[in-house]
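Throughout, a chain's letter reflects where its sequence line sits, starting with A, and its residues are numbered from 1.
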Number of protein chains: 2
Amino acid sequence: MRIVLDAMGGDRAPRSLVEGALLARTRCPAEIVLAGDESTLRPLFADLLKSRPEAAVSGGVSIVHAPEVVGMDEAGPAALRKKKASSLAVAMGLLAAGEADAVVSAGNSAAVVAHAKHHLGLVPGLRRPVLAVVIPTLRGNALLLDAGAHVEAKGIHLAQSAVLADAYLRLKDGLTRPRIALLNIGEEASKGPKVVRGAYGLLERTTLHFIGNVEAHQVLEGTTDAVVCDGFSGNNLLKFLEGVAEFLRRSAAIEPCLEPASGGSPSSNPWKEWAERMAARELGGAPLLGVLKPVVIAHGRSEAPSIANAVGEAFLSASSDLFRRMAEDCEQSRILSELKHQHAVYALERLKQTWRFGQKS
Amino acid sequence: MRIVLDAMGGDRAPRSLVEGALLARTRCPAEIVLAGDESTLRPLFADLLKSRPEAAVSGGVSIVHAPEVVGMDEAGPAALRKKKASSLAVAMGLLAAGEADAVVSAGNSAAVVAHAKHHLGLVPGLRRPVLAVVIPTLRGNALLLDAGAHVEAKGIHLAQSAVLADAYLRLKDGLTRPRIALLNIGEEASKGPKVVRGAYGLLERTTLHFIGNVEAHQVLEGTTDAVVCDGFSGNNLLKFLEGVAEFLRRSAAIEPCLEPASGGSPSSNPWKEWAERMAARELGGAPLLGVLKPVVIAHGRSEAPSIANAVGEAFLSASSDLFRRMAEDCEQSRILSELKHQHAVYALERLKQTWRFGQKS
């Protein structure tokens with residue numbers, strides 16, 4: 001099993017990626033390939049090896065040269081066109097050619113999304129991939145998507161996110177009928193923005209276990225297994241959660257009561273457990289659901305431990321063949337085709353209404 | 001000074017409103033008028049007076065009959081048209097006629113907004129009013145708007161919200177040059193949804209102290225005095241904050257470390273102080289900025305103490321003539337006219353681009 005890291009992507013690249021690779025090797029059997037500028041990576045690698053002699057013994061980390069770098073603020077499609085030899089492009093190319101099993105990047109997520117879509121392709125019938133993040137709740141976890149692959153979404157995009165969430169939770173976590181909800185500002189189908197109301201209408205008509213709308217605070221209560229929203233809302237919610245996690249970590253440093261209880265007595269406070277999990281959560285990566293091969297996006301600010309964890313997640317996805325199984329599942333269930341049909345029916349209805357009343361409905 | 005309560009609006013109406021009125025009378029010199037179904041209110045009032053004999057002495061609470069009620073899920077404009085004698089319509093009518101100085105409602109906020117706009121009018125040049133909520137931050141408070149008066153917003157609406165926030169913070173809190181920011185998922189002007197980018201372009205060209213974009217977690221850090229966003233985002237953020245506040249309250253009940261430190265030593269943990277203020281914050285109402293007379297909207301789930309606090313805020317606004325002074329300030333500064341001009345220039349530029357390139361820009 002071979003995992004490629006975009007070694008030049010991220011605020012702390014390439015050091016965090018190289019260190020993360022060495023750390024990952026101590027936990028995970030996959031070979032790691034660092035894609036990036038050779039003249040920078042080789043000395044850095046040699047240098048870090050000195051402080052990690054055990055990694056030198058295990059080997060399994062190699063470097064593939066890539067002379068260009070996609071900037072953190074560069075537009076995805078533009079970078080895709082102009083920088084054919086960026087670390088990101090080279091990494092994706094290896095995965096596409098079957099010379100690697102997964103890609104991990106902490107770089108510009110819009111660029112990662114554009115490159116993944118171009119090099120790897122999407123589940124047939126899917127319009128766009130989405131970034132999914134696991135959020136701890138009072139009763140386990142909830143999947144939040146889109147956490148930022150795109151900014152705005154139409155109703156059909158939200159509905160397709162629900163399909164991906166359902167497949168992911170069934171195939172990865174073994175949930176039989178994952179509960180899927182739309183993030184909204186009220187319970188009724190008539191509430192919220194037009195795109196959410198549209199998605200509600202589409203999802204009501206599928207075989208998914210769609211439980212309706214969920215409000216932001218209810219997400220934490222664990223009333224749903226997946227929360228679907230546009231990337232702007234998802235990214236806002238995620239950043240807000242991270243602000244809260246930061247608060248809890250600082251509180252824990254000063255107030256011992258939020259630290260894990262030692263000794264035998266179980267904690268009787270479910271919120272306290274949530275706080276602990278929240279404080280620990282940032283050490284992970286987010287899978288890009290909907291692409292045909294495994295891509296895990298780590299936070300731009302990731303340090304080596306987060307990179308290593310992202311590699312671990314990529315390894316799990318690749319070794320369980322999760323992405324391919326998801327694509328197969330979507331094709332077999334024909335649910336994306338059903339959605340497409342429903343969406344067309346819905347659009348036709350609205351067109352008829354427009355003709356009938358002579359005004360925009 | 002006379003404050004009218006929409007006694008039939010809210011999940012716990014009319015009891016919470018009547019009890020809230022009696023509670024408010026013990027703290028605030030204004031007379032209170034309860035608008036609603038007389039046959040329900042009179043016995044309820046008499047009943048509650050028995051448990052609050054001190055309120056019976058101070059007097060100052062009267063009832064005005066209103067036979068209809070706006071439902072919590074009723075569309076605002078429809079209710080306005082059909083239910084001319086609702087408790088909300090009667091309350092607004094009294095305020096509009098100068099027979100009261102402020103309205104407080106815990107009812108259907110879309111209906112309150114529609115009624116306020118219709119009965120009271122808006123600041124000249126303003127397209128829509130917005131709901132503003134005060135959020136505690138590490139360094140004081142931040143005003144969040146729109147917290148839910150409307151669902152979606154165009155760039156011009158966001159820019160106008162900024163104008164209202166600036167006037168409100170200067171006139172109410174005495175800030176000289178309040179910092180105003182747009183809620184966004186990144187710092188750069190090119191980030192985020194189209195409407196936010198449009199608002200950014202407009203706000204850059206005003207005399208407001210516009211500090212650019214702020215990310216959700218930075219709001220808590222106190223880097224800005226006001227955060228501007230659409231109602232969907234604002235309401236999501238607010239509900240999320242309320243979820244966090246709930247967590248903190250439950251933790252405080254079990255973990256003594258979050259309770260205020262007793263004794264002389266000052267707290268060295270700014271996050272702890274934030275947590276305490278967060279836990280206390282729900283007891284208030286949100287002003288509807290942009291209408292010509294004071295309207296305060298309390299949370300639908302408000303109990304008597306929250307209603308009483310909302311009455312207190314309405315009293316402060318009314319006695320300081322805040323809403324009228326805001327309208328005057330906006331007219332004198334001509335900033336809404338400037339925005340209108342900029343917006344027209346901007347729209348013309350985009351139209352020219354469309355003609356030039358033969359495609360939607």
Which atoms of B:Asn184 are under 4.5 Å from chain A, going by heavy atoms: the side chain, the backbone, both sets, or neither?
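Contact with chain A is through both the backbone and side chain of B:Asn184.
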Where on B:Asn236 is there a heavy atom nearer than 4.5 Å to chain A: the side chain, the backbone, both, or neither?
both
Would you mind telling me which of B:Asn235, B:Val219, B:Ile185 has the largest number of heavy-atom pairs within less than 4.5 Å of chain A?
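When all of B:Asn235, B:Val219, B:Ile185 are compared, B:Ile185 has the most.
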Is the backbone N or O of [Y] less than 3.5 Å from a side-chain atom of [X], with the two atoms forming a donor-acceptor pair by type?
X: B:Ser105; Y: B:Ile297; result: no
X: A:Gln160; Y: A:His157; result: no
X: B:Thr224; Y: B:Val227; result: no
X: B:Lys83; Y: B:Val69; result: yes

For chain A, which residues from residues 142-153 of chain B have at least one heavy atom closer than 4.5 Å to it?
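Within residues 142-153 of chain B, the residues under 4.5 Å from chain A are B:Val151, B:Glu152.
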Heavy-atom distance under 4.5 Å between the side chains of A:Val228 and A:Leu183, does that happen here?
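They are not in contact (no side-chain heavy atoms under 4.5 Å apart), so the answer is no.
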Using 4.0 Å as the upper bound for N to carboxylate O, is an ion pair formed by A:Asp11 and A:Arg301?
no
Just wondering, more than 12 heavy atoms not from A:Glu188 lying within 6.0 Å of its CD?
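Counting other residues, nucleotides and ligands, CD of A:Glu188 exceeds 12 neighbours.
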